[in-house]
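What follows is a short report on a single structure.
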Amino acid sequence: MNVRQLQAFLAVAEHLHFGRAAEQLFMAQAPLSRTIQALEGDLGARLFERNTRSVSLTPAGQALVQPARAVLEAVSCAESAVSAAVSGESGTVRVEFCGVAAHPLVAALSRGMRADHSGIRLDLTSQAVSRPTIRRLVDEEVDVGLGRFDNLPPGLDSEVLISDSLVVAVPRTHRLAGAQVVGFRDVAAEPFVSLPYAAGSVTTDRLWRLGYAHGAGGVNNVQFAPDTPSCLALVGAEVGCHLALRSVARSTANPNVVFVPLAQRECELVPDVHLRAAWRSGAVTPPVAAALGHLRRCLRQDRPTVAA
């Protein structure tokens, strides 16, 4: 038996009339009768009792109704699945993100994909720093990475999602707490608390670059902490200063910490710290393209900003 035969059978079973079934199927009655006869021949059983006045299902016909419907539903489901895969409306996109500035983007992406691409599943993971995400992108363990990436290797593309800049976090009692802007020379000799350099922290990298750029031969890094909130807690405890991001200043409410923007000329001495999306070149499947497209649309419609 085949799908066309089952469609013909169900049409006749629904109407119990060959003429009306033929009209539903947009075919003549004679070909419909031959199709039913062929199906009966394949099954070795009569499916309908028919005479000049009426058509009725035989026990064999009654037994076939539900299985026939199940087969046609399965065929329709298979067609829909293939169509969705081709159009990018099904599948999984593995997204890894780093940093608090990425959180609103991830939330908007998740809401938007559920609304516009409900067949695509987002697999979301986070990292404390961005470097592991680069490795996972290259190793094809992640499809899209959101973070502050330095020196992307060949085979990865990226796009800036949110522009950011550097600020210096100081204790509220610090002499520069009331300043409108600060040059790095003003704090080069200060004690600093930082994220571990070996883990790939962008802000720690920029701190040491600025120290060498100003001929300080490094910085007085008195303590390392595992994450940004811990660094800021140490700043509030007057252990030292911390080079942070403007987006972090916006999302932090520690009353003992003040964020002072780093002078623009200082920011130009080091690579940018913008939040980017990264993905493998030539590996943009329809679901990945849908996710990247949604990120871009979100930014055009309601672009996240960071406060000074």
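In this text the structure is predicted, and so the values were computed from the model without any measurement.
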- Message: Using a 3.5 Å distance criterion without hydrogens, assess whether the side chain of N2 forms a donor-acceptor pair with backbone atoms of R4.
- Response: yes
- Hey, is R280 close enough to D143 for a salt bridge, meaning N to O under 4.0 Å? yes
- Any side-chain donor paired with an acceptor under 3.5 Å for E23 and H15? no
- Identify the two heavy atoms, one from A8 and one from L32, that lie closest to each other, and give their separation to 0.1 Å. CB-CD1, 3.5 Å
- Query: Under 30°, 30 to 60°, or over 60°: which ring-plane class applies to F192 and F184, parallel, tilted or perpendicular?
  - Reply: parallel
- Is the backbone of L232 close enough, under 3.5 Å, to the side chain of H242 for a donor and an acceptor to pair up by distance? no
- Tell me who clusters with I134, hydrophobic residues only, linked when side chains sit under 4.5 Å apart either directly or through other members. L137, V138, V142, F149, L152, L156
- Task: Kindly determine whether T125 and E96 satisfy side-chain hydrogen bond (donor to acceptor under 3.5 Å, both in side chains), including the steps that lead there.
- Result: CA-CA 5 Å; T125 57; E96 190 160 276; 2.9 Å; yes
- Query: Rounded to the nearest 0.5 Å, what separation is found between the OG atom of S165 and the CD atom of E268?
  - Reply: 11.5 Å
- Task: Say whether V181 and L269 are linked into one hydrophobic cluster, either directly or through other cluster members, by side-chain heavy-atom distances under 4.5 angstrom.
- Result: no
- Message: I'd like to check S247 versus R250 (side-chain heavy atoms, cut-off strictly below 4.5 Å). Are they in contact?
- Response: no
- Taking 4.0 angstrom as the limit, do R69 and E14 come out as a salt bridge? no
- Counterpart residues, side-chain hydrogen bond (donor to acceptor under 3.5 Å, both in side chains), relative to N220 (two or more places apart): none
- Item | R46 (side chain) donor-acceptor with A60 (main chain) under 3.5 angstrom | no
- Message: As a test of understanding, state which of R209, R131, R206 forms a salt bridge (charged side-chain N to carboxylate O under 4.0 Å, His left out) with D150.
- Response: R206
